Amino acid sequence: MVMAINGGFPGPNITAKVGDTVEVELSNNLNTEGVVIHWHGIRQFTTPWYDGTASVSQCVINPGQTFLYKFKVDKAGTYFYHGHYGMQREAGLYGSLIVEEGDQGQKEPFQYDGEFSLLLSDWWHQTVYQQEVGLSSDPFQWINEPQSLLINGRGQYNCSLASRYNSSAALPECSLGGGEQWAPNVLKVLPNKTYRLRIASTTSLASLNLAIGGHNVTVVEADGNYVQPFSTTDVDIYSGETYSVLFTTNQNPDENYWISVGVRGRLPQTPQALALVNYLPNHASKFPTSPPPVTPQWDDYNRSKAFSNRIQGLEGTTPPPPADYDRRIMLLNTQNTIDGLTVWAINNVSLSFPPTPYLGALKYGIKAAFDQTPPPDTFPDCRYDIMSPPANPNATTGNAIYTLDFNSTVDVILQNANTLQPNDSEIHPWHMHGHNFWVLGYGDGKFQRGDEKLFEKAGRRPPLKNTAVIFPFGWTALRFVADNPGAWPFHCHIEPHLHMGMGVVIAEGVEFLADVPRETLSCGLTGMMFSGNGEEGHN
Ligand SMILES: O=C1O[C@H]([C@@H](O)CO)C(O)=C1O
């Protein structure tokens with residue numbers, strides 16, 4: 001089952017220029033469920049109600065209703081959009097969103113002759129409804145690894161294009177007749193030119209690695225921020241991240257080349273996804289003579305960390321402000337059981353979204369909408385042993401939020417830990433809505449007082465990102481300025497993990513906002529308040 005947009009999957013590419021106001025009219029033609037669309041990486045400054053997150057920025061758009069998203073894009077870069085209700089993203093609600101530099105103003109700090117957009121995703125045969133039931137059942141049923149990886153919605157399942165290069169491959173070779181919907185994307189290039197690949201990962205689960213056979217790439221942008229360019233053979237990309245890379249078509253022009261995308265960070269059970277770099281005037285049906293690049297060993301985390309550490313801010317861009325130790329939030333990520341269900345918890349609290357959107361509840365002071373006691377700013381017990389399965393005595397489900405002082409500088413330490421299985425800790429890419437943060441550093445083990453020195457080392461320029469990974473048994477330190485009035489989710493971008501509670505909500509400066517548009521408030525307690533009689537308000 002796929003959720004499509006305008007009859008297609010993935011959704012249409014949206015392209016805009018810096019300074020544009022983007023208007024998207026979303027009509028919900030699903031028969032039995034609501035829908036919202038999140039504009040991933042767009043700041044939504046002064047328009048937090050158009051962030052498109054159910055329970056946080058708005059009520060879902062009901063079947064038969066139409067909703068107008070209207071927001072300004074103020075930063076050039078590679079973005080995407082996707083469903084943010086239940087697990088609708090995984091069901092196929094996504095598309096790419098590209099913001100180009102405006103006609104005036106800043107120029108990109110690099111040049112290229114053409115560009116391609118590669119939206120990466122993973123695909124299951126089981127529906128998200130079956131998966132949601134399994135995840136909330138006792139016994140717990142995990143979604144397991146995807147059946148396919150997709151590039152712009154295209155991939156193979158019971159055959160492989162790579163099999164011709166590897167006679168021991170597990171799958172038979174696919175036979176292409178021409179025109180198949182699963183046929184790989186073809187990137188038509190001319191020799192001796194430079195191309196920009198805009199890569200975005202909207203995977204539900206998989207951490208990916210992308211490489212182009214025979215070509216190095218130069219990384220120039222990450223999550224809509226220019227980075228200090230560096231050359232590499234391949235790029236790690238976690239769910240929620242975007243990158244731009246440049247490559248030059250300087251290889252033998254009589255050949256075509258494979259782009260391969262494979263799984264990292266979990267034991268791979270999914271064949272690589274492929275796309276074809278077609279040097280014109282060769283025919284696209286000319287198979288590359290060299291095999292697709294091999295994806296690096298899935299659990300070579302030293303290699304992954306080395307890549308992540310190479311992402312640094314472009315020279316001359318704003319460095320992080322100095323620490324303001326008034327607020328340092330330590331977020332311990334653990335897998336727990338609550339009443340027999342398997343969940344993820346942050347400082348022992350597993351997030352459960354309330355029926356009334358936080359933004360409306362905050363703006364109109366509806367205290368009954370969510371728990372008013374703030375969640376803990378640090379681990380429940382400073383002696384917590386991150387190397388062992390949780391002792392798990394007191395994890396709870398909750399919906400309280402972190403309220404930040406407007407314009408304050410906040411440090412967050414994301415702390416990873418052992419799952420419920422011994423000797424197991426997993427990758428979690430954390431995505432923050434409404435903000436970019438500086439990635440101050442990554443560390444192994446438990447964050448200790450004094451570890452700040454590791455990320456305050458001179459000479460490293462922390463990059464601005466909106467998504468950052470925590471490595472198994474490690475920590476990641478972030479800094480951001482709470483300068484965007486609104487309520488914002490900050491969560492693991494692995495969709496079943498958020499569904500299992502792996503996230504928090506932050507809020508700041510809501511008092512500075514103009515009135516929240518009524519059409520975002522038609523449910524829960526705000527719905528009752530505005531209709532006066534408990535029926536949904538229509539405005
Ligand atoms: O949340 C998860 O649950 C499973 C496993 O930890 C328990 O079955 C898994 O691999 C996850 O990422």
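All values below come from the heavy atoms of this structure, side chains included, with hydrogens, waters and symmetry mates left out. This one's a predicted model, so the numbers in the text were calculated from it and none came from an experiment. Indexing begins at 1, ligand by ligand and atom by atom, following the structure's order.
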Is a side-chain N or O of Asn466 found less than 3.5 angstrom from the main chain of Met432, in a donor-acceptor match?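 Judged by distance alone, no pair lies under 3.5 Å.
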Taking Glu241 for the side chain and Ile199 for the main chain, is one N or O donor matched with an acceptor at less than 3.5 Å?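 Absent.
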Below 4.0 angstrom from a heavy atom of Trp344, which ligand 1 atoms are there? Numbered from 1 as shown, please.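 Selected atoms, number and element: 1 (O).
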Can you list the ligand 1 atoms lying under 4.0 Å from a non-hydrogen atom of Met500?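 Answer for ligand 1: 1 (O).
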Could you tell me whether Arg266 and ligand 1 have an N or O pair separated by under 3.5 Å?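 The answer is yes, given that Arg266 and ligand 1 share an N or O pair closer than 3.5 Å.
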Please check whether Gln335 reaches ligand 1 - meaning an N/O of the residue sits under 3.5 Å from an N/O of the ligand, judged on distance alone. yes
Arg303 and Asp236 ion-paired at < 4.0 Å: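 Between Asp236 and Arg303 there is no salt bridge, as every charged N stays at least 4.0 Å from the carboxylate O atoms.
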So that I can tick it off, tell me whether Asp299 and Arg264 are bridged by a salt bridge, with the cut-off set at under 4.0 angstrom between side-chain N and carboxylate O.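 Between Asp299 and Arg264 there is no salt bridge, as every charged N stays at least 4.0 Å from the carboxylate O atoms.
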Nearest protein heavy atom with distance in Å, relative to atom 8 (O) of ligand 1: Phe140 CE2, 3.6 Å
Provide, to 0.1 Å, the distance between atom 4 (C) of ligand 1 and the closest protein heavy atom, together with that atom's residue and name. Trp142 CD2, 3.5 Å
Closest candidate by heavy atom, reference atom 9 (C) of ligand 1, pool His428, His497, Glu426, Met502: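 The nearest heavy atom belongs to Glu426.
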Measure up the His497 and His428 rings against each other and bin them: parallel (under 30°), tilted (30 to 60°), perpendicular (over 60°). tilted
Taking the six-membered ring for Trp and the single ring otherwise, decide whether the centroids of His82 and Phe80 are under 6.0 Å apart. yes
